[in-house]
Amino acid sequence: MSVNGKNYDWEDIHVMLPHGEAVGITEIKYTDSQSIEARYGRGAIPRGWGRNNYEASGSMILDRDEWELLKVALAADHGAIFDHDPFTIVVSYANNDMGTVTDVLKSVKITSFDGGGASQGDANASPITCEFTILEPILYNGVPSKQPAGNFI
């Protein structure tokens with residue numbers, strides 16, 4: 001990694017959706033978590049801890065033409081957008097100064113989309129925000145954020 005060199009920027013991100021590489025995407029975000037809870041017995045100091053459920057979700061903003069391509073791909077499964085089979089999103093970060101990093105979001109289900117409409121003077125009419133749930137642990141450049149139950153390293 002170079003010092004004072006070029007770091008990853010938006011131009012270095014490539015997003016693969018069910019219909020192919022997304023060109024009309026202006027934002028993608030994803031997050032996951034597994035909170036812990038202190039376990040108490042007698043006294044005021046925790047005697048241990050327990051894990052809550054793993055959760056992962058994300059969102060992306062697509063230009064209208066990109067949304068139309070994704071919508072057709074999702075509806076092809078069962079005829080409606082929300083009835084789609086879970087799909088994979090691949091997000092790669094690559095530039096000449098740093099190695100390629102690839103995050104894989106498996107078993108993605110669209111949970112809501114918001115958009116449609118524009119105002120006079122809008123340079124980008126009708127962008128669509130898609131919220132999604134990720135049903136498997138995110139692979140951060142090959143490293144899972146959580147091992148499935150029963151799989152221990």
Side-chain angles (χ1 to χ4, degrees), residues 1-38 49-149 151:
M1 184 179 326
S2 63
V3 175
N4 294 326
K6 181 180 178 294
N7 289 316
Y8 299 117
D9 57 28
W10 183 248
E11 190 174 336
D12 299 323
I13 297 175
H14 299 272
V15 179
M16 294 298 292
L17 296 173
H19 63 278
E21 184 172 3
V23 178
I25 185 169
T26 57
E27 179 179 294
I28 186 161
K29 295 179 179 181
Y30 42 96
T31 183
D32 60 352
S33 65
Q34 181 179 27
S35 61
I36 62 166
E37 199 170 297
W49 53 275
R51 295 174 289 197
N52 289 319
N53 290 334
Y54 170 84
E55 295 179 353
S57 62
S59 66
M60 58 187 165
I61 299 176
L62 305 174
D63 288 346
R64 186 61 174 200
D65 59 328
E66 193 73 52
W67 165 244
E68 292 299 323
L69 294 171
L70 178 59
K71 180 179 69 173
V72 169
L74 296 178
D77 291 338
H78 303 286
I81 298 167
F82 288 123
D83 295 336
H84 68 83
D85 292 335
F87 63 92
T88 298
I89 297 175
V90 178
V91 184
S92 294
Y93 305 82
N95 70 31
N96 294 334
D97 287 356
M98 303 173 78
T100 300
V101 173
T102 301
D103 295 341
V104 180
L105 318 177
K106 291 184 179 182
S107 297
V108 172
K109 289 283 288 176
I110 300 286
T111 56
S112 69
F113 53 95
D114 181 28
S119 298
Q120 193 283 325
D122 284 352
N124 186 10
S126 194
I128 304 294
T129 300
C130 298
E131 303 283 336
F132 51 85
T133 297
I134 305 164
L135 300 172
E136 292 186 42
I138 296 173
L139 289 172
Y140 291 103
N141 203 30
V143 179
S145 55
K146 176 74 179 163
Q147 286 292 337
N151 290 352

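Below, all heavy atoms of this structure are taken into account, side chains as well, without hydrogens, waters or symmetry copies. Keep in mind that this is a model prediction, so the values were computed, not measured.
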K.L.:
If you look only at pairs with a residue in residues 117-146, which of them pass as a salt bridge (charged side-chain N to carboxylate O under 4.0 Å, His left out), with sequence neighbours excluded?
P.N.:
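Every pair satisfying salt bridge (charged side-chain N to carboxylate O under 4.0 Å, His left out) with a residue in residues 117-146: there are none.
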K.L.:
According to side chain to side chain donor-acceptor pair (under 3.5 Å), does anything in residues 70-89 pair up with another residue at least two apart or in another chain? List the pairs.
P.N.:
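Every pair satisfying side chain to side chain donor-acceptor pair (under 3.5 Å) with a residue in residues 70-89: Glu68-Lys71, His78-Asp85.
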K.L.:
Just how far is it from atom CD1 of Ile61 to atom CG of Asn124, taken to the nearest 0.5 Å?
P.N.:
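Ile61 atom CD1 to Asn124 atom CG measures 9.5 Å (nearest 0.5 Å).
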K.L.:
Could you pull out the closest heavy-atom pair between Tyr140 and Ser145, with the gap in Å?
P.N.:
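Nearest pair, atom of Tyr140 first, then Ser145: CE1-CB, 3.9 Å.
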K.L.:
Please report the closest heavy-atom contact between Ala22 and Leu17, naming both atoms and the distance.
P.N.:
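Scanning both residues, the minimum pair turns out to be CB-CD1, 3.7 Å.
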K.L.:
So do the side chains of Met60 and Leu70 get within less than 4.5 Å of each other, counting heavy atoms only?
P.N.:
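SC-SC contact between Met60 and Leu70 confirmed.
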K.L.:
Between CG of Asn95 and OH of Tyr8, what distance do you get to the nearest 0.5 Å?
P.N.:
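Asn95 atom CG to Tyr8 atom OH measures 6.0 Å (nearest 0.5 Å).
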K.L.:
For residues Glu66 and Gly24, report the shortest heavy-atom separation together with the two atoms involved.
P.N.:
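Nearest pair, atom of Glu66 first, then Gly24: OE1-N, 2.6 Å.
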K.L.:
Output all residues satisfying side chain to side chain donor-acceptor pair (under 3.5 Å) with Ser35, sequence neighbours left out; order by chain, then residue number.
P.N.:
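With sequence neighbours excluded, Ser35 shows a side chain to side chain donor-acceptor pair (under 3.5 Å) to Asn52, given in chain and number order.
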K.L.:
Give the minimum heavy-atom separation between Ala118 and Ala125, together with the two atoms involved.
P.N.:
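Smallest heavy-atom distance, with atoms named: CB-CB, 3.5 Å.
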K.L.:
First locate atom CH2 of Trp10, then atom OG1 of Thr26, and finally report the distance between them rounded to the nearest 0.5 Å.
P.N.:
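The CH2 atom of Trp10 sits 6.5 Å away from the OG1 atom of Thr26.
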K.L.:
Within a strict 4.5 Å, meaning less than it, do heavy atoms of the Ile28 and Ile89 side chains meet?
P.N.:
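A side-chain contact under 4.5 Å exists here.
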K.L.:
Has the side chain of Asp63 got a donor or acceptor atom that lies under 3.5 Å from a matching backbone atom of Asp65?
P.N.:
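Checking the backbone N and O of Asp65 against the side chain of Asp63, no donor-acceptor pair under 3.5 Å is found.
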K.L.:
Return the minimal non-hydrogen interatomic distance between Ile110 and Cys130, and the atom names on each side.
P.N.:
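Scanning both residues, the minimum pair turns out to be CD1-CB, 4.1 Å.
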K.L.:
Could you state the interatomic distance from CG (Leu135) to CG (Leu105), rounded to the nearest 0.5 Å?
P.N.:
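Here the rounded value is 11.5 Å.
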K.L.:
Return each pair, listed once, that meets salt bridge (charged side-chain N to carboxylate O under 4.0 Å, His left out) where at least one residue sits in residues 13-27; pairs must be two or more places apart or across chains.
P.N.:
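Passing the test, one end in residues 13-27: Glu27-Lys29.
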K.L.:
Find the distance between CD1 (Ile81) and OG (Ser112) and round it off to the nearest 0.5 Å.
P.N.:
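Reported value, rounded in 0.5 Å steps: 12.0 Å.
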K.L.:
Which residue pairs satisfy the salt bridge (charged side-chain N to carboxylate O under 4.0 Å, His left out) criterion with at least one member in residues 100-110, sequence neighbours excluded?
P.N.:
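Residue pairs passing salt bridge (charged side-chain N to carboxylate O under 4.0 Å, His left out), neighbours aside: none found.
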K.L.:
Using salt bridge (Lys or Arg N to Asp or Glu O under 4.0 Å) as the criterion, list what pairs up with Asp32, not counting sequence neighbours.
P.N.:
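Salt bridge (Lys or Arg N to Asp or Glu O under 4.0 Å) check on Asp32 returns nothing, list empty.
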K.L.:
Contact between Phe113 and Leu62 at the side-chain level, heavy atoms closer than 4.5 Å - yes or no?
P.N.:
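No - every pair of side-chain heavy atoms lies 4.5 Å or more apart.
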K.L.:
How close do Asn141 and Val101 get, heavy atom to heavy atom, and via which atoms?
P.N.:
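Shortest heavy-atom separation between Asn141 and Val101 comes out as OD1-CA, 3.5 Å.
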K.L.:
Quick one: are Phe132 and Phe87 in side-chain contact, heavy atoms under 4.5 Å?
P.N.:
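They are not in contact (no side-chain heavy atoms under 4.5 Å apart), so the answer is no.
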K.L.:
Let me confirm one number: the CD1-OG distance from Ile134 to Ser107, rounded to the nearest 0.5 Å.
P.N.:
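So the gap between those two atoms works out to 10.0 Å.
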